[in-house]
Amino acid sequence: MKILDIPVEPRETLGSAEARRLRRAGKVPCILYGRGHDNVALTTTRDAVHDLLDAHTHIIRLQLGEVSQTALVREMTWDHLGEHVQHMDFVRVAMEDDVKVTVPLKFTGDPAGLHTGGVIEVLISDLEVRCRVDIIPEQIVVDISALEIGDGVHVDELPYPQGVQPERSGRDLLVHVVLPRKVELEEAKPEEAVIEGEAAPEEAPAEGAPSDEAASGRKKGA
Amino acid sequence: MALMPKRVRWRKQQRGSIRGIATRGNTVAFGDWGIQSLEAAWLTAAQIEAARVAGTRRLGTVGKLFIRIFPHKPVTATPAETRMGTGKGEPSYWAAVVRPGTVLFEVGGVPADVAKLALNRISHKLPIRCKLLARRHEL
């Protein structure tokens, strides 16, 4: 299990304006909380965040001067284009704690059903599991080479490491091989959308609505 | 067939203005790869359909294409050589309101090179600048 060291600094001034200033300076504001201690506002560098993303590890060691704290990444806030991390939440953990984490699934092998005209459809690509911090798997490898058309892999059929429990129902389908849908390429004539109210012209007018006679009377008078 | 709502409450809408960025629908959620809008625009149902056909032709029978936008907005137009007045025009087409960051199309179940080619074809049918986007695995 990899543990990545992330250098952090305490954040003296808080607020959105200060956070924007930090982001402009190439830093990422973050916060540390959990285990009954006070929240600590921190900041780290964008390079450290890139290292964390490349490492694909859950557990990290925050280096605040000479003090170090083991933590998990609880949440990452991205910008609208998914290019930069805007903010990170870290939660304090100990190695013996039970935690809920999201682990990526890696599907390996060429399904047999692909050679007979099927296509793979991945329904779930990340799985939430509960386990101790020291045995968090980096990924769960799923062999799908035996799948024929119509076959699938369910949550309870995965090879979980010992001590790792899925949080989803065991009957949830992760991946299956299906026949491709018929390709629709022809242009059809556009239809008119049904307007509510016009769909039921025989309905009685709503209470308080002007009747036809009253409306025509007003026209005559005018 | 071009996309349009089955049933609407009101036939005509005011035009409005596209403000801000996409705070929802801005991540790849169904497939493995997607294209993301970098601009704000109204995408017409015909443009979405042309993009879908281009993507489907490139993919063939493999993989799956997901359309993440829907043209909910009726756009009215006044006929040519019409005198001033006479009220608002009739609905002419349907459009999807797209903000910067909106994921427009996604492709799944195919290798990365095939997905990228299909999404490239799709982006050529759209009147806005787009960006290729991969699914992001959560930590």
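Each chain gets a letter, A, B and so on, in the order the sequences are listed, and its residues count up from 1.
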Stepwise, does the side-chain contact (heavy atoms from CB on, under 4.5 Å) test hold for A:H80 with B:Q36?
CA-CA 10 Å; A:H80 66 291; B:Q36 193 179 37; over 6 Å; no
Looking at A:K27, I'd like to know if its NZ atom is crowded, meaning that more than 12 non-hydrogen atoms belonging to other residues, nucleotides or ligands lie closer than 6.0 Å.
no
Determine the minimum heavy-atom distance between B:L38 and A:L81, stating which atoms define it.
CD2-CD2, 3.7 Å
Write down the atom of B:K64, the atom of A:E121, and the distance for their closest heavy-atom approach.
NZ-OE2, 3.0 Å
Is chain A contacted by the side chain of B:P91, its backbone, both, or neither, given a heavy-atom distance below 4.5 Å?
neither
In this structure, are over 12 heavy atoms from other groups packed under 6.0 Å from B:K131 atom NZ?
yes
Would you mind checking which part of A:S125 comes under 4.5 Å of any heavy atom in chain B, side chain (CB onward), backbone (N, CA, C, O), both or neither?
both
Pick from A:V175, A:D126, A:V73, A:L114: which one has the most heavy-atom pairs with chain B under 4.5 Å?
A:D126
Using a cut-off of 6.0 Å, state whether more than 12 heavy atoms not belonging to B:Q14 lie near its atom CD.
no
Residue part contacting chain A, namely of B:S37, when any heavy atom lies under 4.5 Å:
backbone
Does CZ in B:R121 sit with more than 12 non-hydrogen atoms of other residues, nucleotides or ligands closer than 6.0 Å?
no
Given that the side chain runs from C-beta out, which part of B:R135 has a heavy atom under 4.5 Å from chain A: side chain, backbone, both or neither?
side chain
Do other residues, nucleotides or ligands put more than 12 heavy atoms under 6.0 Å from B:K12 NZ?
yes
